[in-house]
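These notes concern the structure reproduced below.
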Amino acid sequence: MPAKSYADLPALFARMSGDEKHEWAAASTLDVLWVLYDRVLDVSPRHPDHPDRDRFLLSKGHGPMAYYAVLAAKGFLEESTLDDWTSFDSPLGQHPDRVLVDGAEIGSGSLGHGLPIAVGLAKGLALQGNEAGVYVLVGDAELDEGSNHEAIAIAGRFGLANLVVVVVDNRSGTLGWPGGVASRFAVEGWQTSTVDGRDQDALYDAFTQPHDRPLVVVAEIGVR
């Protein structure tokens with residue numbers, strides 16, 4: 001099978017039809033997911049459980065269409081699996097299930113879970129001397145969950161340099177963040193970057209910048 005490119009994603013995305021309540025939420029993550037899986041993450045469908053692999057956690061699991069499309073493009077899923085997603089007996093639900101979806105590290109969709117899990121995972125890997133990175137994608141509105149406030153604080157205290165958070169900011173939060181999303185992390189000692197969430201080169205540079213503490217990349221998405 002020839003390698004897939006970013007240009008192939010719309011066709012893969014379109015194979016998932018039906019009553020999807022979070023299509024915009026999914027579409028807003030497409031560039032972030034592609035840059036991570038195409039240029040940043042050390043993962044392989046040939047060795048999905050390799051102990052030294054990077055870990056990617058989709059905390060924003062209530063809009064998984066883009067995630068499934070990228071996993072299919074990268075060989076973790078058969079493309080035909082997309083055709084009957086959310087149907088009876090399909091492994092692809094409207095929330096990813098780590099038991100059913102190759103490449104998925106967590107079952108997600110209940111907001112506020114991914115970042116705390118990522119903090120524990122990053123700390124555990126560091127204690128083992130494993131240099132794998134832990135990456136977690138959250139939504140801006142999801143940051144209202146109290147569990148995320150606690151996770152942001154403790155990650156800063158631990159100085160978890162193997163932890164990278166990307167916040168897809170599509171202005172969906174009800175109350176917003178005074179001073180911007182990045183300020184919430186900066187006050188707890190995180191390194192921060194805010195970039196255009198559709199600019200793939202800017203995303204790549206932000207994800208790969210040197211850092212000796214936890215890093216947050218705020219990917220701002222404007223409504224098209």
Side-chain angles (χ1 to χ4, degrees), residues 1-38 41 43-50 53-118 120-121 134-145 147-148 166-168 170 172-173 197 219 221 223-224:
M1 181 185 301
K4 297 292 183 180
S5 70
Y6 181 77
D8 295 306
L9 293 182
L12 293 172
F13 203 85
R15 293 181 74 155
M16 292 169 280
S17 60
D19 186 18
E20 166 52 61
K21 301 299 186 183
H22 298 285
E23 186 169 355
W24 166 242
S28 68
T29 68
L30 198 58
D31 290 275
V32 166
L33 288 166
W34 180 254
V35 171
L36 285 170
Y37 274 88
D38 190 56
L41 296 174
V43 294
S44 170
R46 295 185 298 276
H47 307 287
D49 297 319
H50 195 288
R53 73 191 183 281
D54 288 333
R55 274 69 165 179
F56 173 75
L57 282 62
L58 182 70
S59 187
K60 186 182 169 73
H62 56 290
M65 296 172 71
Y67 185 47
Y68 294 153
V70 171
L71 288 177
K74 291 300 178 181
F76 289 90
L77 298 176
E78 292 290 338
E79 293 177 27
S80 59
T81 309
L82 303 176
D83 296 332
D84 61 352
W85 85 300
T86 75
S87 65
F88 184 73
D89 279 348
S90 171
L92 306 183
Q94 292 197 14
H95 293 172
D97 187 328
R98 68 173 297 274
V99 176
L100 300 177
V101 180
D102 288 342
E105 296 285 353
I106 59 171
S108 60
S110 182
L111 299 182
H113 287 179
L115 181 50
I117 293 172
L121 182 56
V134 178
Y135 298 76
V136 57
L137 189 158
V138 305
D140 59 310
E142 183 179 356
L143 292 177
D144 288 340
E145 297 285 349
S147 55
N148 280 328
V166 53
V167 181
V168 173
N170 55 20
S172 60
I221 305 292
V223 177
R224 288 180 169 176

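Please read all numbers here as calculations on a predicted model, not as lab measurements.
You'll find the side chain of Leu57 reaches within 4.5 Å of the side chain of Leu121, heavy atoms only.
Once rounded to the nearest 0.5 Å, the distance linking CG of Asp31 with CG of Leu36 reads 11.0 Å. One distance of note links OH of Tyr135 with CD of Glu105; it measures 13.0 Å at 0.5 Å rounding. The line from CD of Glu142 to NE2 of His113 is 9.5 Å long, rounded to the nearest 0.5 Å. To the nearest 0.5 Å, the span separating OG on Ser28 from CG on Asn170 amounts to 4.5 Å. One finds the CG atom of Leu71 at 5.0 Å from the CG atom of Leu77 (value rounded to the nearest 0.5 Å). With values rounded to the nearest 0.5 angstrom, Asp54 atom CG is found 12.0 Å from Ser44 atom OG.
Of the possible donor and acceptor atoms, one in the side chain of Arg55 sits under 3.5 Å from a partner among the backbone N and O of Arg53.
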Criterion side chain to side chain contact (heavy atoms under 4.5 Å, CB included) on Glu145 and Ser59, from CA distance to verdict = CA-CA 12 Å; Glu145 297 285 349; Ser59 187; over 6 Å; no

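For the salt bridge (Lys or Arg N to Asp or Glu O under 4.0 Å) test, residues two or more places apart in sequence or in another chain that qualify with Asp38 are Lys74. The salt bridge (Lys or Arg N to Asp or Glu O under 4.0 Å) search around Arg15 returns Glu79, Asp83, not counting sequence neighbours.
Summarising the geometry of Thr81 relative to Pro91, their closest heavy-atom pair is CG2-CG, 3.8 Å, with the distance given to 0.1 Å. The heavy-atom pair separating Ala73 from Leu9 by the smallest distance is CB-CD2, 3.9 Å. In terms of heavy atoms, Asp102 sits closest to Phe76 at CB-O, 3.4 Å. Smallest separation of non-hydrogen atoms from Ser147 and Pro116: O-CG, 3.7 Å. Pro64 and Gly93 get closest at one heavy-atom pair: CG-O, 3.8 Å. The shortest heavy-atom contact between Leu82 and Ala72 is CD1-CB, 4.0 Å.
The aromatic rings of Tyr68 and Trp85 sit perpendicular to each other, their planes meeting at more than 60°, with 30° as the lower class boundary.
Lys60 pairs with exactly one of Val167, Thr29, Val138, Val136 by the side chain to side chain contact (heavy atoms under 4.5 Å, CB included) rule, that one being Thr29.
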